[in-house]
Amino acid sequence: MSTRPPDWQLPRGVTPGLWEYLHEPQVANQYLEHVESSPFALADQRFVEQQLTTPCKVIDLGCGPGRSILPLARRGFKCTGVDLSETMLEKARQRLTEHSLDATCVQANLGEALPFADASFDAALCLFGTLGMLHPADVRSSLLSEVHRILIPQGVLLLHVHNRWPLQGIKTLYSQNAVMTLPFHRGVSNLQMKLFTVPEIKDTLAYAGFVFDTLEYISASDPHGRYTGQRWLAPYRADGFLLAARSKS
C-alpha cells in the first residue's frame, strides 16, 4: 500500500480511512469477488438498467473496477469512469479490453472540481454509498453541485445512499452525528460513512439544483437487494435508498 500522507495533506474530502480503502491493493484485487454480486451491487445494476434505457453519455463517479460502466458500454452507452484509485481504474481498463469494449477512465478526486466542461453528460451515476464516503458535508454538497454543472439540463443523476434509521435508531431523531465509522471493512479500518434519511437526501439534492424523480428502497438481507418488508416501514427499515433525480434547467 502506498504511504498515506499526513492528514493535513490528504486530498479534499478524503479521510484517512478512505485513503487506505482507495490505495490498499487487497481491496482492488478482491473487489469483484466480494462486491460485484452483493445485494447492493445487484440492486444498483437493476436500477441503472431501469432508469437508463436509451444509449447516451454517462459518467460513473467512483467507478471502481468498472462494475457499472461495463454493462452500459455493452449496451451502447458512451461511458466515462472516474475514481481516485489508479489501481481500480487499471482493473477497469483491463476488463474493458478483455471484453472489447471502449470507455474513458479518468483519475480524479470527487472532492474537488471535476475535470469536465459544463453540460458534458446526459446521465451521472454515484452508487454504492460513494457520496457518503466524502467528508465533511460541504464536500458532498460541492460534488452534487459539480454533477449538476456537468449534466445537461434535465440530465439524470442516479444515487445510492445508506439509511440512517436501521443503524442509529431513535438517535436519528435527536443526534446531529449521522456519520458511522466502520471498525473494519474489506481489510481497512476506520472507514467513515455518512448516513441519510429520506427527507435529508431529498433536501440535499434539491439544494444542489436537482428535482427528485424516483425512490427505491433496498435491503442487504435480500439476495437481490430488494426491500420486501411493509412499505410504510421502508423509510425506517430499508438499509439504503436508490434515487433518480433530474437537473434543473
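The figures that follow rest on heavy atoms only: side chains count, while hydrogens, waters and symmetry mates do not.
Taking every heavy atom of both residues into account, Ser145 and Ala208 meet most closely at N-CB, 4.2 Å. A pairwise comparison of heavy atoms in Gln45 and Ser68 identifies OE1-CA, 4.0 Å as the closest pair. The two residues Val147 and Leu114 come nearest to each other via the heavy atoms N-CD1, 4.5 Å. Closest heavy-atom contact between Cys79 and Ala73: SG-N, 3.7 Å. Nearest heavy atom pair, residue Val156 against residue Leu151, reads O-CD1, 3.9 Å. Between Lys91 and Pro65 the shortest heavy-atom distance is CB-CB, 4.0 Å.
Take Phe116 and apply the ring-ring contact (aromatic ring centres under 6.0 Å, His included) test, not counting sequence neighbours, and it matches Phe121. Applying the ring-ring contact (aromatic ring centres under 6.0 Å, His included) criterion to Tyr217, with sequence neighbours excluded, gives Phe241. Scanning for ring-ring contact (aromatic ring centres under 6.0 Å, His included) contacts around Phe196 gives an empty result, with sequence neighbours left out. Every residue two or more places apart in sequence or in another chain was checked for a side chain to side chain contact (heavy atoms under 4.5 Å, CB included) with Thr54, and none qualifies. When the side chain to side chain donor-acceptor pair (under 3.5 Å) test is applied to Gln230, the partners found at least two apart in sequence or on another chain are Trp232. Applying the side chain to side chain contact (heavy atoms under 4.5 Å, CB included) test to Tyr207 and every residue at least two apart in sequence or in another chain returns nothing. Evaluation of the side chain to side chain contact (heavy atoms under 4.5 Å, CB included) rule for Ala92 yields Cys105 as partners, not counting sequence neighbours. By the ring-ring contact (aromatic ring centres under 6.0 Å, His included) test, His135 is found to be paired with no residue, residues two or more places apart in sequence or in another chain being considered. With sequence neighbours excluded, the residues forming a side chain to side chain contact (heavy atoms under 4.5 Å, CB included) with Asn109 are Pro11, Arg12, Val14, Leu84, Glu112, listed by chain and number.
Residues Glu98 and Arg95 are not paired through a salt bridge, judged by the lack of any N-O separation under 4.0 Å between the basic side chain and the carboxylate. A salt bridge is defined here as a Lys NZ or Arg NE, NH1 or NH2 lying under 4.0 Å from an Asp or Glu carboxylate O, and Lys194 with Glu200 meets this definition.
Linking Ile, Leu, Val, Met, Phe, Trp and Tyr residues whenever their side-chain heavy atoms come within less than 4.5 Å leaves Ile152 and Leu159 in two separate clusters. Clustering ILVMFWY residues whenever any of their side-chain heavy atoms sit less than 4.5 angstrom apart, transitively, puts Leu89 in a cluster other than the one holding Met133. Residues Ile150 and Val106 fall within the same hydrophobic cluster, defined by Ile, Leu, Val, Met, Phe, Trp and Tyr side chains chained together at heavy-atom separations under 4.5 Å. Leu191 and Val179 are members of different hydrophobic clusters when ILVMFWY side chains are connected at heavy-atom separations under 4.5 Å. Both Leu215 and Leu144 sit in one connected hydrophobic cluster of ILVMFWY residues. Membership requires side-chain heavy atoms under 4.5 Å apart, directly or through other members.
Without hydrogens or angle criteria, Ser247 side chain to Phe210 main chain gives no donor-acceptor distance under 3.5 Å. Checking side-chain atoms of Thr97 against main-chain N and O of Arg93 turns up a donor-acceptor pair under 3.5 Å. The main-chain N or O of Met88 is never found under 3.5 Å from a side-chain atom of Asp83 such that the two would form a donor-acceptor pair. Lys57 places a side-chain N or O within 3.5 Å of a backbone atom of Ser120 that can act as its donor or acceptor partner. Listed for the Thr130 side chain is no donor-acceptor partner under 3.5 Å among the backbone atoms of Cys126. Of the possible polar contacts, none joining the Arg226 side chain to the Ile218 backbone as a donor-acceptor pair under 3.5 Å is found.
Using a 4.5 Å heavy-atom cutoff, the side chains of Leu195 and Met193 are in contact. Side-chain contact between Leu125 and Leu72 is present, with at least one heavy-atom pair separated by less than 4.5 Å. Two residues are said to be in side-chain contact when any heavy atoms from C-beta on lie closer than 4.5 Å; Gln192 and Met180 fail this criterion. No side-chain heavy atom of Thr214 sits under 4.5 Å from any side-chain heavy atom of Leu243. For the pair Tyr227 and Arg237, the minimum side-chain heavy-atom distance is below 4.5 Å. Considering only heavy atoms from C-beta on, Leu110 stays 4.5 Å or farther from Leu131 through its side chain. Using a 4.5 Å heavy-atom cutoff, the side chains of Leu143 and Leu134 are in contact. The closest side-chain heavy-atom distance from Leu52 to Val58 is below 4.5 Å.
The OG atom of Ser38 sits 7.0 Å away from atom CZ of Arg67, with the distance rounded to the nearest 0.5 Å. Separating the OG1 atom in Thr15 from the CD atom in Glu20 is a distance of 8.5 Å, to the nearest 0.5 Å.
The number of heavy-atom neighbours closer than 6.0 Å to CG of Asp102, taken from other residues, nucleotides and ligands shown, is 12 or below.
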Set out, in order, the CA-CA distance, both residues' side-chain angles and the distance that settles side-chain contact (heavy atoms from CB on, under 4.5 Å) for Ile201 and Phe212, then state yes or no.
CA-CA 10 Å; Ile201 190 58; Phe212 167 73; over 6 Å; no
Take Glu49 and Arg75 through the test salt bridge (charged side-chain N to carboxylate O under 4.0 Å, His left out) and record every step on the way to the result.
CA-CA 10 Å; Glu49 291 176 358; Arg75 292 169 56 201; 5.5 Å; no
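Residues in residues 79-102 take part in no ring pair (Phe, Tyr, Trp, His ring centres under 6.0 Å) pair, two or more places apart or across chains.
Taking a 4.5 Å side-chain heavy-atom cut-off between Ile, Leu, Val, Met, Phe, Trp and Tyr, the cluster of Ile69 extends to Leu70, Leu96, Leu101.
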Kindly list each side-chain donor-acceptor pair under 3.5 angstrom involving residues 160-167, sequence neighbours excluded, with atom names and distances?
| residue | atom | partner | partner atom | Å |
| --- | --- | --- | --- | --- |
| His160 | ND1 | Asp44 | OD1 | 2.8 |
| His160 | ND1 | Asp44 | OD2 | 3.4 |
| His160 | ND1 | Phe128 | N | 3.2 |
| Asn163 | OD1 | Trp165 | N | 3.2 |
| Asn163 | ND2 | Pro235 | O | 3.0 |
| Asn163 | ND2 | Ala238 | O | 2.7 |
| Arg164 | NE | Gln168 | OE1 | 2.5 |
| Arg164 | NH2 | Gln168 | OE1 | 3.3 |
| Arg164 | NH2 | Ser175 | O | 2.5 |
| Arg164 | NH2 | Asn177 | O | 3.4 |

